[in-house]
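A quick write-up on the structure given underneath.
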Amino acid sequence: MTSTPANLPPGLEWRVELGRVDYAEALAAMEARAAAVTRGEAEELVWLLEHPPVYTAGTSATDEGELLDARFPVHRTGRGGRYTYHGPGQRIGYLVMDLRERRRDVRNYVHAVEGWVIAALGECGIEAFRAPGRIGIWTLDRGQEAKIGAIGVRIRQWVTLHGFAVNLSPDLGHFGGIVPCGIAEFPVTSAAALGKPVTPEAFDSALAATFSPFLDALSTGEGKNDS
């Protein structure tokens with residue numbers, strides 16, 4: 001299966017990185033791309049990749065009680081949210097989307113991203129869902145709610161940055177250095193931990209297969225009302 005949507009709209013690049021990309025380098029490239037999209041000088045971008053181990057701190061992150069063991073580099077970033085971990089075995093999706101000609105609605109955008117990731121996980125045989133009051137992507141692991149994906153976005157002049165991170169087969173022990181997303185009472189999990197191994201290539205293909213409804217939701221607002 002191809003990892004590129006069959007009917008990719010004009011003006012949008014779908015990029016898949018084969019190797020790991022340094023977080024700081026990716027952040028700089030994403031910032032530059034968003035600025036170019038804002039100026040009308042570049043295409044929108046869906047960028048699928050993997051990072052070496054790193055902790056990232058969103059705009060709501062506080063070191064006290066959240067950064068427990070800085071065993072990996074820590075990067076401050078402009079996305080919303082608190083601390084999260086990125087590393088091998090995790091699929092990162094950075095989305096540089098222009099909402100100026102779509103629905104200018106932050107809640108709708110976040111909801112649409114969540115819905116897209118949930119649909120892609122469903123294609124891989126993993127039932128995931130939203131949890132009221134808790135941003136991110138959740139599933140059941142041995143009967144307990146556990147987080148399988150994180151959402152962190154920034155929107156500047158209605159052009160989006162950052163996106164999602166989905167745990168396919170990371171070392172879950174690496175999350176022990178932080179309180180993931182500031183939520184201590186729920187564990188993190190992965191596709192591998194659920195006994196449903198998913199390769200990056202398979203997940204990319206699932207994202208491609210469910211991309212069109214995500215794009216539609218950005219314009220129609222239907223993503224905002226999904227259950």
Side-chain angles (χ1 to χ4, degrees), residues 13 15-37 45-97 110 113-114 117 134-138 146-156 159-193 197-201 203-204 207:
E13 178 187 1
R15 183 191 306 174
V16 179
E17 296 288 349
L18 299 180
R20 293 173 189 159
V21 181
D22 176 79
Y23 182 80
E25 292 178 5
L27 183 61
M30 178 175 52
E31 293 271 1
R33 182 60 167 259
V37 168
L45 175 67
V46 174
W47 191 10
L48 304 176
L49 51 86
E50 184 177 273
H51 290 308
V54 63
Y55 293 134
T56 70
T59 54
S60 300
T62 60
D63 288 354
E64 185 176 356
E66 292 183 33
L67 181 60
L68 308 177
D69 176 9
R71 67 188 78 168
F72 302 120
V74 177
H75 283 271
R76 305 283 171 178
T77 181
R79 63 161 174 78
R82 298 180 181 271
Y83 273 100
T84 193
Y85 164 78
H86 296 319
Q90 190 181 69
R91 206 49 167 167
I92 307 294
Y94 288 136
L95 313 175
V96 181
M97 307 297 297
V110 172
V113 174
E114 290 174 337
V117 174
R134 287 183 263 130
I135 196 169
I137 311 300
W138 299 80
K147 194 167 190 176
I148 194 170
I151 305 292
V153 306
R154 183 177 186 182
I155 299 177
R156 183 189 299 145
V159 173
T160 71
L161 300 97
H162 301 278
F164 61 81
V166 175
N167 299 331
L168 301 181
S169 59
D171 183 339
L172 295 179
H174 290 177
F175 285 89
I178 58 171
V179 177
C181 302
I183 303 174
E185 60 268 36
F186 294 95
V188 292
T189 192
S190 67
V198 179
T199 65
E201 294 78 12
F203 191 64
D204 292 351
L207 288 168

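Each residue takes its place number in the sequence, starting with 1.
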Separation of Met30 CE from Trp47 CH2 (nearest 0.5 Å) | 7.5 Å
Considering only heavy atoms from C-beta outward, does the side chain of Arg20 approach that of Pro88 to under 4.5 Å?
-> yes
Would you please name every residue forming a salt bridge (charged side-chain N to carboxylate O under 4.0 Å, His left out) with Glu17, sequence neighbours left out?
-> none
Side chains of residues 162-170: which donor-acceptor pairs under 3.5 Å do they make with residues two or more places apart or in other chains?
unit_1: His162; atom_1: NE2; unit_2: Thr77; atom_2: OG1; d: 3.4
unit_1: Asn167; atom_1: OD1; unit_2: Gln90; atom_2: NE2; d: 2.9
unit_1: Asn167; atom_1: ND2; unit_2: Thr189; atom_2: O; d: 3.0

Closest heavy-atom contact between Ala191 and Ile148?
-> N-CD1, 3.9 Å
Nearest-0.5 Å distance that lies between atom CG in Asp204 and atom OG1 in Thr199 | 8.0 Å
Judged by atom type as modelled, is there a donor-acceptor pair below 3.5 Å linking the side chain of Arg79 to the main-chain atoms of Arg82?
-> yes
side-chain hydrogen bond (donor to acceptor under 3.5 Å, both in side chains) partners for His174, two or more places apart = Tyr85, Asp171
Specify the closest pair of heavy atoms between His75 and Val54, including all atoms of both residues, with the distance to one decimal.
-> CD2-CG2, 3.4 Å
Just how far is it from atom CZ of Arg76 to atom CG of Leu27, taken to the nearest 0.5 Å?
-> 14.0 Å
Let me see the working for His86 and Ile92 under side-chain contact (heavy atoms from CB on, under 4.5 Å), right down to the final yes or no.
-> CA-CA 8 Å; His86 296 319; Ile92 307 294; 3.3 Å; yes
Determine, using ring centers only, whether Tyr94 and His51 are less than 6.0 Å apart.
-> yes
Mind checking whether Val113 and Leu95 have side chains closer than 4.5 Å, heavy atoms only?
-> yes
Spacing of CG belonging to Leu49 relative to CG belonging to Asp22, to within rounding of 0.5 Å = 11.0 Å
Contact list for residues 52-61, test salt bridge (Lys or Arg N to Asp or Glu O under 4.0 Å), sequence neighbours left out | none
State, yes or no, whether a side-chain contact exists between Val96 and Val159 at a heavy-atom distance under 4.5 Å.
-> yes
Arg154 meets the side-chain hydrogen bond (donor to acceptor under 3.5 Å, both in side chains) criterion, sequence neighbours left out, with none
Yes or no on side-chain contact (heavy atoms from CB on, under 4.5 Å) for Glu114 and Ile137, after CA distance, side-chain angles and deciding distance?
-> CA-CA 7 Å; Glu114 290 174 337; Ile137 311 300; 3.8 Å; yes
Salt bridge present between Glu31 and Arg156 (N-O < 4.0 angstrom) | yes
Is there a side-chain contact between Tyr83 and Thr56 (heavy atoms, below 4.5 Å)?
-> no
Would you please name every residue forming a side-chain contact (heavy atoms from CB on, under 4.5 Å) with Ala70, sequence neighbours left out?
-> Leu67, Val74
Apply side-chain hydrogen bond (donor to acceptor under 3.5 Å, both in side chains) to Tyr55 and list each qualifying residue two or more places apart in sequence or on a separate chain.
-> none
Which residues satisfy the side-chain hydrogen bond (donor to acceptor under 3.5 Å, both in side chains) test with Thr160, sequence neighbours excluded?
-> Tyr109
side-chain contact (heavy atoms from CB on, under 4.5 Å) partners of Ala32, counting only residues at least two apart | none
Closest non-hydrogen atoms of Gly173 and Arg71, given as atom of the first, atom of the second and distance, are O-NH1, 3.1 Å
Would you check, one step at a time, whether the test side-chain contact (heavy atoms from CB on, under 4.5 Å) holds for Leu161 with Val153?
-> CA-CA 6 Å; Leu161 300 97; Val153 306; over 6 Å; no
Would you say the side chain of Val21 lies within less than 4.5 Å of the side chain of Glu50, judging by non-hydrogen atoms?
-> no
Arg33 meets the salt bridge (charged side-chain N to carboxylate O under 4.0 Å, His left out) criterion, sequence neighbours left out, with Glu13
